[in-house]
Amino acid sequence: ACSISSRWSMAAAAPSTGGALVVDVTFDKGIEGRGQFVDVAVPIIGGDVLRDVLAAVHEDDSVLDGGEDGDGDGDGDDGAALRPRDMVRLDRIVSVSPRVFWSLLYAHRADAEGTTGVTWWTG
């Protein structure tokens with residue numbers, strides 16, 4: 001997973017069979033060591049679909065299992081209540097759905113620069 005402060009680059013990849021926008025992403029390993037991770041052929045989720053997915057998750061108010069907090073009593077309910085909307089927080093979305101994270105980053109850069117069809121971006 002990539003932290004939001006890591007260095008990254010995103011480059012256009014060959015289009016997928018369905019013609020969807022696909023990118024190759026490279027990002028620093030950060031605390032996991034030297035070097036970089038590479039995500040090859042990441043399909044980008046389009047703006048309207050991405051908005052719909054995030055809205056559906058954010059509106060879901062159900063409670064997920066909070067998990068064990070490590071106190072050793074084994075009751076399994078010691079963790080804080082966790083809701084699906086917590087999963088779309090920037091510090092968690094990278095682990096939960098890298099594809100959604102890279103799609104958000106792509107959409108933000110495209111809006112900020114007024115471009116689409118990225119050829120090479122870094123951050």
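We count residues from 1, following the sequence as given.
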Side chains of D28 and F37: closer than 4.5 Å at any heavy-atom pair? no
The reported gap from CG in L105 to CE in M10 (rounded to nearest 0.5 angstrom) is 4.5 Å
Linked, directly or transitively: L21 and V49 (ILVMFWY side chains, under 4.5 Å): yes
According to the salt bridge (charged side-chain N to carboxylate O under 4.0 Å, His left out) rule, which pairs have a member within residues 40-50, sequence neighbours left out? D48-R51
When rounded to the nearest 0.5 angstrom, what distance separates CZ in R34 from NZ in K29? 11.5 Å
State plainly whether one hydrophobic cluster holds both F101 and V40, where clusters connect Ile, Leu, Val, Met, Phe, Trp and Tyr through side-chain heavy atoms under 4.5 angstrom apart. no
Over all heavy atoms of both residues, which pair between S103 and P43 is shortest? Give the atoms and the distance, please. OG-O, 4.1 Å
Indicate yes or no: at least one non-hydrogen side-chain atom of V22 is less than 4.5 angstrom from one of I44. no
For V100, check side chain to side chain contact (heavy atoms under 4.5 Å, CB included) against everything at least two apart and list the hits. I45, L50, L54, I93, S97, L104
By side chain to side chain donor-acceptor pair (under 3.5 Å) - contacts of D60 (at least two apart): S62
Under the side chain to side chain contact (heavy atoms under 4.5 Å, CB included) test, residues paired with D39 that sit two or more places apart: V25, F27, V42, W102
